[in-house]
Amino acid sequence: MIAFLLFVVGAAQSIWATTDPARYQCYALTFWLGSQATHLLPSTQCQFLIIKQVYSAFQMLPQEYPPLTLTVFSLPLFLPLTWYQATFAFIMAALVLYTYFVIRREGLKGSAETYIFYMVVGGCALVTVRYDLLPAVLTLLSVIAARKRRWTTAYIALAFGVLLKIYPLLLAPVLFIAEQQSQQGMQCPTDGRISRTPQQLWRTLQSCFRWQWRNGLLFSAIIIAVTALFALADFQNAVVSQLYYFLKRPIQSESLAASLFWVAHLGGLSWQIVYDYGSVNIYTSISSIVSPLMTVLFVFGVIAIFWLQWQRRLDMTQTVIALTLLFITTGKVFSPQYLIWLIPLLAYSGAFNRFWLIIWGTISLLTTLIYAIFYSQIIDSQHIKIPAGFFAVSSLRNFLLAYLLLAYLFNWHQARRCTREKRSMFIP
């Protein structure tokens, strides 16, 4: 019933020609038929594409998405074009249902019901009009396979997750460390004494000749081979534009950095709000300071999380959750669908005690309200007017998310405690 209702929510949005599935349709058609395929759709639907010349079939790749996403975007094309968005919503609703049964089979008692609850509260408006659940499910399947010591399957699942969305690439070292720990090939600390840490780290590096490299190389080979295949058609959009788009994006209005700008704006900081890079972004005189600062916090956070995993203070699932939380919290962009990356993992790991239900439930509800109430008021991308209360609500959400990240890293309120902990992987 929930999956059907989510399908209805997604299908109902098909009346607009500016939704994400509408963009997916433009990408799919122009890839298979060339730039002239835009004439098959309403004139306003593909205006975001900057077409400076005539392209033939197989020459146009997505500008902001990895090229393998075309396989997902092309599935609804088997039905009439007017059914595209409804068909896409149906496919994603079916994926919601599949994920429910996976978590019900592999997770703890109550995990599947928690997954549905989190999805309704935090993803009901977006899960069937975005493809983000697919890389999230592939990440979950990778974690499940790793827990069962099926390392090749785990690496393959994660590789295809990376090919659909870049963020799972951050999780590859987690999988590698977990594999080495399980095979006893990596010398890891046996006690927590700081004085012995340099010696323990040196022994770990010395053990590199006993590490298992085959699956890691397979992971790299899959990513390189698929990317190279699309690069034959369009090297710029297959390789260069993905990195350029990611690095050049400014600070988006929903991010934690934007909340810091808002606080400074209340104190007199001037800013400019514009629509570019497919989102509402903020430019200020301190952007060149805050953006690198968030990057530094992200880098130090990644090092700290890997350090905790190396010391066996975080198991693999906890490390994946911590890294994803860190990536979302410190990133320049926070889109509402990012919560979907975490929902399956949180439900599977048993993160549904009182602390999680209150904090994560509030974060999810605020995110849904931001999308459903405030985003609907921003209609004209040429003349952006931020609705009253937008920054207050998004900042509350962002500060709660930052607190949740710190609570998870330092285990405040026993945030990492769950019933799975008794059989966590690679924790003595």
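The model shown is predicted, which means the values in this text are computed figures rather than measured ones.
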Indicate every side-chain donor-acceptor pair of residues 134-146 with a distance under 3.5 Å to a residue at least two apart or in another chain.
{"from": "Thr139", "atom 1": "OG1", "to": "Pro135", "atom 2": "O", "distance (Å)": "2.9"}
{"from": "Ser142", "atom 1": "OG", "to": "Ala154", "atom 2": "O", "distance (Å)": "2.8"}

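- Residues Arg249 and Ser279 meet the side-chain proximity criterion, which asks for heavy atoms closer than 4.5 Å.
- Looking at heavy atoms from C-beta onward, Ile273 lies in side-chain contact with Val280 at the 4.5 angstrom threshold.
- Ion pairing between Glu64 and Arg23 holds under the 4.0 Å rule for side-chain N and carboxylate O.
- Under the salt bridge (charged side-chain N to carboxylate O under 4.0 Å, His left out) criterion, Arg214 pairs with no residue, sequence neighbours left out.
- In this structure the side chain of Cys26 reaches within 4.5 angstrom of the side chain of Leu49, judged on heavy atoms.
- Between Phe117 and Phe352, the closest side-chain pair of non-hydrogen atoms is not below 4.5 Å.
- Partners of His265 under the ring-ring contact (aromatic ring centres under 6.0 Å, His included) rule, at least two apart in sequence or in another chain, are Trp271.
- Within a 6.0 Å radius of OH in Tyr283, more than 12 heavy atoms belonging to other residues, nucleotides or ligands are found.
- Evaluation of the disulfide (SG to SG under 2.5 Å) rule for Cys124 yields no partner, not counting sequence neighbours.
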Quiz: residues 319-329 side-chain donor-acceptor pairs under 3.5 angstrom, not counting sequence neighbours:
{"from": "Thr319", "atom 1": "OG1", "to": "Asp315", "atom 2": "O", "distance (Å)": "2.7"}
{"from": "Thr324", "atom 1": "OG1", "to": "Val320", "atom 2": "O", "distance (Å)": "2.8"}
{"from": "Thr329", "atom 1": "OG1", "to": "Leu325", "atom 2": "O", "distance (Å)": "2.7"}

Test side-chain contact (heavy atoms from CB on, under 4.5 Å) on Leu357 and Tyr118 and set out the steps.
CA-CA 9 Å; Leu357 290 175; Tyr118 285 163; 3.8 Å; yes

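- The shortest distance between side-chain heavy atoms of Tyr403 and Trp412 falls below 4.5 Å.
- Put simply, the side chain of Pro66 does not reach to within 4.5 Å of the side chain of Leu163, judged on heavy atoms.
- Side-chain contact check for Phe334 versus Leu339: some heavy-atom pair is nearer than 4.5 Å.
- Under the 4.5 Å side-chain criterion, counting only non-hydrogen atoms from C-beta, Glu254 is in contact with Arg397.
- Atom CZ of Phe300 has 12 or fewer neighbouring heavy atoms from other residues, nucleotides or ligands inside a 6.0 Å radius.
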Only pairs under 3.5 Å count here: list side-chain donor-acceptor contacts from residues 73-81, not counting sequence neighbours, and write none if there are none.
{"from": "Ser74", "atom 1": "OG", "to": "Trp32", "atom 2": "NE1", "distance (Å)": "2.7"}
{"from": "Ser74", "atom 1": "OG", "to": "Leu70", "atom 2": "O", "distance (Å)": "2.6"}

